[in-house]
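Count residues from 1 along the sequence. The structure presented is a predicted model; accordingly, all values stated were derived computationally and were not measured.
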Amino acid sequence: MEREHEKGSVIVIAPHPDDEVIGCGGTIYKHTREGVKVHLCVVTDGSKLYEKTDVERRKQECLRVSEILGIRKVIFLDFPDGELTHHLPELRSSLSKVIADFQKVYVPHPFDHHPDHIAVSLSILSIFEERPLFELYLYGVYNTFRYNLLVDVTDIYNVKREALLEYAYSLGKSQLMIKRTEAFMRYPTIHTGEDRLYEAFLFIDRHMTFNDILGFLSYDLLCQDPQNELLKKIKATQLLIEELRKERNAKISFEHDLKNCEEELHKLRSSIFFKIYDKYHIIKPKLIPHGSLRERFYRKLINVIKGV
């Protein structure tokens, strides 16, 4: 477990001990079974699991799981659990050094619910945007997401299940977590139509900006902010219509242009993006309650995207 890594190997970034198994344990085992050198970096100390968490016990579980999966080395960064958003500069610096020589990097996707997962993901994405010298694989632990790569792990799921059971302390009701993980692995079957178990990834092997990646994950709704764009277009069209009406009243015939503008306005109001965002803002208070922790991290994410 203490051997130095070699260039060309794989590193999996896990915000907490157990995230690596839930999100991509089967893929890790497939790599190591084929002789690929895989390393694991656990970012936090995992101390917020219980009121009095045995941190050392969680680390020992992680090391045993790594042996099951064939991981060559585990790196513990020991950042305070649940507080990564308060340590973003140090986090980015540490992760930049950890992944420096690796060809493939696995990390949670940036909409993965837990604030630590979001912070780790945004740090890696910012590194990738600046230095896209590695292949990036975004995986999920809490939330489903828009993927472009599926790894079928049906045939080696027994190994992933064994690893999940080894996290008895970290996962608490491990049997319930196993059912949840299996359900998570079955959601791609809605597209494949096959009764298989998959681990899903957003695979990126070319230069993409931070906003490109977020745009893909959000189907371009989040980054381009279509509601504001449509509202701007509607307002501009309305102003133009008013000007045309003034000209018409001045006995200048612009009936054809006026009709075209009114049709354009109708199209904009009927736009599927406008309707989606209109519905989104109706249900937003329920999805992201005002004053909640979820809203706070949502606003931070929006500020990051807008460069504020």
Side-chain angles (χ1 to χ4, degrees), residues 1-43 62 65-77 91-112 117-141 145-153 155-157 159-160 163 185 188 197-210 212-214 216-217:
M1 291 279 180
E2 295 303 323
R3 285 171 287 187
E4 290 300 315
H5 66 260
E6 299 175 21
K7 193 169 184 177
S9 51
V10 173
I11 188 162
V12 178
I13 310 296
H16 313 92
D18 68 31
D19 290 330
E20 78 286 356
V21 176
I22 297 171
C24 53
T27 302
I28 291 172
Y29 183 68
K30 278 200 163 190
H31 277 313
T32 61
R33 188 179 63 174
E34 294 169 359
V36 177
K37 300 177 181 68
V38 178
H39 290 207
L40 171 64
C41 174
V42 180
V43 179
C62 183
V65 165
S66 294
E67 290 179 357
I68 292 171
L69 298 180
I71 295 172
R72 294 173 71 91
K73 180 181 179 182
V74 181
I75 304 164
F76 295 103
L77 295 183
L91 174 63
R92 188 186 187 282
S93 176
S94 295
L95 289 175
S96 183
K97 294 173 184 175
V98 167
I99 69 173
D101 293 329
F102 287 94
Q103 182 183 353
K104 303 176 188 291
V105 177
Y106 288 77
V107 69
H109 67 86
F111 299 144
D112 202 34
H117 290 218
I118 296 171
V120 169
S121 186
L122 295 183
S123 296
I124 294 294
L125 288 181
S126 67
I127 296 168
F128 182 80
E129 181 177 45
E130 182 180 299
R131 195 179 73 242
L133 303 177
F134 52 89
E135 295 176 0
L136 187 58
Y137 296 78
L138 304 182
Y139 66 87
V141 176
F145 62 105
R146 187 183 181 191
Y147 58 82
N148 61 7
L149 174 66
L150 291 177
V151 177
D152 188 339
V153 297
D155 296 338
I156 50 90
Y157 175 63
V159 178
K160 176 168 179 169
M185 296 168 68
L197 295 172
Y198 300 97
E199 290 177 346
F201 304 93
L202 173 54
F203 168 53
I204 305 166
D205 62 349
R206 59 185 176 83
H207 180 257
M208 291 180 71
T209 67
F210 195 99
D212 287 338
I213 296 170
L214 292 178
F216 179 88
L217 287 168

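Closest non-hydrogen pair, Cys41 versus Leu95, comes out as SG-CD2, 4.4 Å. Contact detail for Gly26 and Glu199: the closest heavy-atom pair is N-OE2, 2.8 Å. Nearest heavy-atom pair across Thr32 and Leu69 is OG1-O, 2.6 Å. In this structure, Tyr139 and Pro15 approach most closely via the heavy-atom pair OH-CD, 4.2 Å. Shown here for Leu138 and Pro110, the closest heavy-atom pair between the two residues is CD1-CD, 4.2 Å. Taking all atoms of both residues into account, the shortest heavy-atom contact from Leu40 to Cys62 is CD2-SG, 3.7 Å.
Looking at His117 and His16, their side chains come closer than 4.5 Å, going by heavy atoms from C-beta outward. The closest side-chain heavy-atom distance from Ile68 to Tyr29 is not below 4.5 Å.
In terms of modelled atom types and a separation under 3.5 Å, the side chain of Lys160 and the main chain of Ile22 share a donor-acceptor contact. Of the possible donor and acceptor atoms, none in the side chain of Ser66 sits under 3.5 Å from a partner among the backbone N and O of Ile71.
His109 pairs by the ring-ring contact (aromatic ring centres under 6.0 Å, His included) definition with Phe145, not counting sequence neighbours. In this structure Ser123 satisfies the side-chain hydrogen bond (donor to acceptor under 3.5 Å, both in side chains) test with no other residue, sequence neighbours excluded. Residues that satisfy the ring-ring contact (aromatic ring centres under 6.0 Å, His included) test with Phe134, not counting sequence neighbours, are Phe128. In terms of the side-chain hydrogen bond (donor to acceptor under 3.5 Å, both in side chains) criterion, residue partners of Tyr106 (sequence neighbours excluded) are, by chain and number, His31. For Asp155, the salt bridge (Lys or Arg N to Asp or Glu O under 4.0 Å) partners two or more places apart in sequence, or in a different chain, are Arg196. With sequence neighbours excluded, the residues satisfying side-chain contact (heavy atoms from CB on, under 4.5 Å) with Arg131 are Ser96, Ile99, Ile127, Leu133. The side-chain hydrogen bond (donor to acceptor under 3.5 Å, both in side chains) search around Thr209 returns Asp212, not counting sequence neighbours. Shown here are the side-chain hydrogen bond (donor to acceptor under 3.5 Å, both in side chains) partners of Glu135, two or more places apart in sequence or in another chain: Lys104, Tyr137.
Sorted by first and then second residue, the pairs that involve residues 117-130 and meet salt bridge (Lys or Arg N to Asp or Glu O under 4.0 Å), not counting sequence neighbours, are Arg92-Glu130. For the salt bridge (Lys or Arg N to Asp or Glu O under 4.0 Å) condition, the pairs that include at least one residue of residues 17-30, sequence neighbours left out, are Asp18-Arg58.
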Item to check | Residues Phe210, Leu122; criterion side-chain contact (heavy atoms from CB on, under 4.5 Å); working and verdict | outcome: CA-CA 8 Å; Phe210 195 99; Leu122 295 183; 3.3 Å; yes

Checklist entry - Leu202 and Tyr147: side-chain contact (heavy atoms from CB on, under 4.5 Å), yes or no, with the steps? => result CA-CA 5 Å; Leu202 173 54; Tyr147 58 82; 5.5 Å; no

Checklist entry - Can Val98 and Leu77 be said to form a side-chain contact (heavy atoms from CB on, under 4.5 Å), step by step? => result CA-CA 10 Å; Val98 167; Leu77 295 183; 4.1 Å; yes

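Rounding to the nearest 0.5 Å places OG of Ser121 at 7.5 Å from CG of Leu136. Expressed to the nearest 0.5 Å, how far CG of Leu149 lies from OG1 of Thr27 amounts to 8.0 Å. One distance of note links CD1 of Ile75 with NZ of Lys97; it measures 13.0 Å at 0.5 Å rounding.
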